Structures are given as C-alpha cells and as structure tokens.
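This report refers to the structure that appears directly beneath it.
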Amino acid sequence: MGYDEIRGIGGAIGLVMLFVGFIGVITYALWPGNKQRFDHAAMAPLDDDDMPATNSANGGQSK
C-alpha cells in the first residue's frame, strides 16, 4: 500500500465525514422541535427592554 492509496482513502473518509456532519447540521436546523428556539433567537435583537446597557469598563454602571 503506497502513499497515493493511503492519501486516496484518507480523502474519501474525510469527504464522508464532512458530508455526514453537513447532513447532521441541516437536520438539526430543520428539526421541528427546534423551531421555537430559533424563532426566539431570531427575535432577540428586536426585543424591547427598558434597561440601559451597562459598561463593564466602569464596574457595570451605566453612564
């Protein structure tokens, strides 16, 4: 078994691992049980909160 054969097998295994990982991420993202979590995360920047932002440089007190 030469270098070229080992390199070919390693490349094929890497391709399969990346493909399986890709399918896993897509499945997780599109799973119906995660819809509420992703909807909440999508709206988080738009939530209206009345508290001012704090600055950690001055001990957490807002200016």
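Here the structure is a predicted model, which means the values were calculated and not measured.
- The only option from V25, T27, I26 that meets the side chain to side chain contact (heavy atoms under 4.5 Å, CB included) definition with I23 turns out to be T27.
- For residues 9-30, the set of pairs meeting the salt bridge (charged side-chain N to carboxylate O under 4.0 Å, His left out) definition, not counting sequence neighbours, is empty.
- A search for side-chain contact (heavy atoms from CB on, under 4.5 Å) contacts involving M1 returns E5, I6, I9, not counting sequence neighbours.
- Under a 4.5 Å side-chain heavy-atom cut-off, the cluster of Ile, Leu, Val, Met, Phe, Trp and Tyr residues that includes V16 is completed by V20.
- Pairs engaging residues 7-18 under the salt bridge (charged side-chain N to carboxylate O under 4.0 Å, His left out) rule: none recorded [sequence neighbours left out].
- Identified under the salt bridge (charged side-chain N to carboxylate O under 4.0 Å, His left out) test for residues 24-37, with sequence neighbours left out: K35-D39.
- Sequence neighbours left out, the pairs with a member in residues 10-37 that pass ring pair (Phe, Tyr, Trp, His ring centres under 6.0 Å) are Y28-F38.
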